[in-house]
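This report concerns only the one structure given below.
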Amino acid sequence: MKTSIFFIVTIFLLGVILKAAMADPTDGFTQVPISQSNFQVQYPYDVSQSDRYSFVNGVHKFWVYSTDKPFSPSSTTKPRTEIRITGYDYSSGTWQFEGNMYIPSGTSGVSVMQVFGGSSAATTAMLRVYNPNLTYYRSPVIISNVYGTWYRVNVIHNADAGRVQVYINGVFKYETGDNGDANHYFKFGVYTQDSPSNYMESRWSGIKVFRK
Ligand SMILES: *[C@@H]1O[C@H](CO)[C@@H](O)[C@H](O)[C@H]1NC(C)=O
């Protein structure tokens with residue numbers, strides 16, 4: 001009798017532990033359909049797209065130089081090669097971006113992922129690289145020594161509650177307030193910030209968008 005109760009309790013606890021271990025930031029979310037047609041590539045206006053972006057074997061590769069032109073002649077923003085996800089702009093609800101990210105050594109002073117739109121700032125969230133770390137804007141550090149390894153990145157934006165969460169490889173890393181109501185969408189690639197390296201590059205695969 002004692003043995004069988006012990007056995008049942010053990011099985012139950014193993015189940016609880018397994019469920020916790022398998023918990024995923026996308027639990028409870030619904031994936032929305034996405035294809036290349038949802039990806040609008042922005043790149044310096046005086047070059048060809050293929051001079052700054054490639055999509056080979058499912059990997060989006062973005063690169064830009066700190067001396068490059070902005071994405072349009074009328075823009076005064078810093079150089080970028082970015083995908084702006086279209087078709088899922090939002091101003092309410094909870095939305096989640098997922099992608100596998102690779103940053104090569106040397107890339108610095110650059111945003112590699114952003115949640116666009118805010119009322120107190122132009123953006124809600126930015127993941128940036130400052131040699132050798134991945135940071136949330138300037139701080140805190142989200143990944144130290146980010147170079148040369150693939151990471152799964154999940155960014156959750158609850159626009160109703162005004163909160164942003166960042167997960168790396170399925171593990172919760174950071175939560176903070178957003179920057180106010182606006183029209184929002186996700187972007188990823190390389191967008192020059194302060195103290196940039198001459199050459200900036202990021203690679204992304206498995207891009208998914210979820211909502212709740
Ligand atoms: C990178 O992260 C480490 C560990 O958090 C920190 O000690 C270091 O100051 C950071 N480097 C920069 C340039 O922010």
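Order of appearance sets the numbers: ligands from 1, and atoms from 1 within every ligand.
Of the protein's heavy atoms, none falls inside 4.0 Å of atom 7 (O) of ligand 1.
Nearest non-hydrogen protein atom to atom 13 (C) of ligand 1 is Asn131 O, 3.4 Å. With respect to atom 10 (C) of ligand 1, the closest heavy atom belonging to the protein is Asn133 ND2, 2.4 Å. For atom 4 (C) of ligand 1, the closest non-hydrogen atom of the protein is Ser144 CB, 3.9 Å.
When every heavy atom of Tyr102 is checked against every heavy atom of Gly148, the shortest pair comes out as CE1-C, 3.4 Å.
Contact of the Ile85 side chain with the Tyr185 side chain is not registered, since no non-hydrogen atoms from C-beta on lie closer than 4.5 Å.
Ring-centre distance between Tyr88 and Phe186: not below the 6.0 Å cut-off.
Counting heavy atoms of neighbouring residues, nucleotides and ligands inside a 6.0 Å radius, atom CG of Asn133 exceeds 12 of them.
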